[in-house]
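Have a look at the structure below, then the notes.
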Amino acid sequence: MRINSARLQASLETMAQIGRTPGGGVTRLALSDEDKAARDLLARWLAEAGLTVQVDDFGNMLARRPGSDPAAAPVRLGSHLDTVRQGGRFDGALGVLAALEVVRTLNDAGAVTRRPIEIVNWTNEEGARFEPAMLGSGAATGRFTKAFVYGRADREGRTFGDELVRIGYCGDPAQRPGPAHAYLELHIEQGPVLEEAGVPVGVVEGIIGITWCQVTVEGQSAHAGTMPLARRRDALQAAAHLVLATRELARQAGPDARATVGRFIVEPNVTNVIPGRVSFSVDFRHPEAALLDRLVEQLHARAEQVAAAEGVRISIERFWTSEPTPFDPAVKETIEAAVRELGMPFQRLWSGAGHDAKYMQDCCPSGMIFVRSQGGLSHCEQEASTPEDIAAGANVLLAATLRLAELVSH
Ligand code: HGY
Ligand code: MN
Ligand code: MN
């Protein structure tokens with residue numbers, strides 16, 4: 001049994017039209033009109049595949065293909081349909097649509113599995129509009145409270161809860177994803193490792209640690225022409241020192257450390273006004289939790305020095321941490337057995353990107369399959385993977401799913 005590559009490519013192409021950007025990428029922010037359109041399209045495809053779709057109170061969409069043993073815990077497949085701004089067409093969508101392709105392939109073959117198979121689309125995996133990331137899967141697995149999630153606001157002050165209602169995907173708490181036998185997520189690697197190794201697919205060891213901080217620098221707005229340099233309390237100059245420090249600290253922590261300042265807001269953001277207030281994000285990542293903590297401690301220490309030198313106040317709020325998470329060894333073995341069964345070269349690797357599979361691993365044996373990314377690029381309009389590599393990954397997902405769900409007949 002093999003997936004239908006042309007059908008999968010057609011579904012990816014159709015989905016990529018929703019939120020399409022002029023540069024060939026996708027902007028489909030969580031709970032936006034584009035996200036609604038993508039959800040509606042997925043719901044139609046799931047129904048056409050004979051699945052019953054349910055939506056929980058965080059907008060997570062779940063569809064089930066029955067197994068021969070209704071009492072058996074399901075094998076859950078999925079990912080997310082939301083994207084970052086000017087992102088790519090594969091991040092998230094590949095995992096959801098490859099899961100759909102697995103079900104379509106089983107339907108074509110009249111295959112019966114003992115365990116039910118579920119497809120999930122998690123809400124707000126990216127955290128691009130509503131921070132932090134992975135609110136849907138985190139809430140469904142008890143990591144975030146409903147009040148916290150519903151109160152998260154975007155840059156225009158619109159809340160998660162209001163937007164969920166507005167797009168018509170505020171479902172039922174009773175329909176939150178329940179226990180699962182195992183969870184599998186197919187995803188693009190989003191980095192350069194598989195391409196450098198010359199292999200199409202990867203078996204993912206786990207996800208490295210991630211922590212997000214919000215830094216606020218309070219200085220004093222003043223006139224650009226009349227205020228002498230020596231008397232300024234320039235929030236932007238102070239912030240610039242700290243931004244450079246994030247990269248310096250990560251370099252000192254070694255080659256596995258990552259630091260990114262991706263969001264930066266200057267107030268009042270006017271040419272002839274000395275900035276009085278600056279706020280920016282810091283995304284630190286490391287395979288070891290202790291080193292992640294140390295990066296944050298060092299940032300605090302550097303902030304104290306900069307504040308004293310520049311005469312500003314600096315606050316740092318560490319508001320989200322996703323601990324380093326190894327995936328289940330047995331699930332990884334199952335994925336690797338599927339890859340070997342298909343005779344594919346592969347590599348095991350850790351994920352520098354966060355995924356909903358992290359929160360699923362907290363409550364059931366989980367694993368991920370990576371597909372090679374061209375140029376190691378992702379979270380940009382140039383994100384690309386070849387149809388051949390995508391088909392390879394989807395066939396591994398199919399083979400691993402059949403092993404976990406136990407093929408009864410076809
Ligand atoms: O931030 C991440 O690693 C993921 O793409 N949300
Ligand atoms: Mn993703
Ligand atoms: Mn992403």
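Start at 1 and go down the list; that is how both ligands and their atoms are numbered.
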Show which side-chain atoms of residues 135-147 pair as donor or acceptor with protein atoms under 3.5 Å away, not counting sequence neighbours.
from: S137; atom 1: OG; to: D356; atom 2: OD1; distance (Å): 2.6
from: T141; atom 1: OG1; to: S137; atom 2: O; distance (Å): 2.7
from: T141; atom 1: OG1; to: G138; atom 2: O; distance (Å): 3.2
from: R143; atom 1: NH1; to: E323; atom 2: OE1; distance (Å): 3.4
from: R143; atom 1: NH1; to: E323; atom 2: OE2; distance (Å): 2.9
from: R143; atom 1: NH2; to: E323; atom 2: OE1; distance (Å): 3.2
from: R143; atom 1: NH2; to: D362; atom 2: OD2; distance (Å): 3.1
from: T145; atom 1: OG1; to: F148; atom 2: N; distance (Å): 3.0
from: K146; atom 1: NZ; to: D57; atom 2: OD2; distance (Å): 2.9

Near ligand 1, at a heavy-atom separation below 4.0 Å: residues by chain and residue number: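 Residues within 4.0 Å of ligand 1: E125, E126, R285, A353, G354, H379.
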Answer yes or no as to whether an N/O/S atom of H80 is found below 2.8 Å from the Mn ion (ligand 3).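 Under 2.8 Å: H80 has no N, O or S contact with the Mn ion (ligand 3).
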The Mn ion (ligand 3) to nearest N/O/S of D91 less than 2.8 Å: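 Yes, D91 qualifies, because one of its backbone or side-chain N, O or S atoms lies under 2.8 Å.
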Please check this pair: side chain of H355 against backbone of A357, looking for a donor-acceptor N/O pair closer than 3.5 Å.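 Not confirmed, H355 side chain does not pair with A357 backbone.
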Would you say [Y] and [X] are linked by a side-chain donor-acceptor pair, where the criterion is simply a distance under 3.5 Å?
X    : Y    : result
K358 : S322 : no
H80  : N121 : no
Q214 : R263 : yes
T21  : E381 : yes
N107 : R65  : yes

Could you check which N/O/S atom of H187 is closest to the Mn ion (ligand 2)?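 That would be atom NE2.
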If you count every heavy atom of other residues, nucleotides or ligands that lies below 6.0 Å from R294 atom CZ, does the total exceed 12?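 Atom CZ in R294 is not crowded, with 12 or fewer foreign heavy atoms closer than 6.0 Å.
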What is the name of the N/O/S atom in E126 that sits closest to the Mn ion (ligand 3)?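 The atom in question is OE2.
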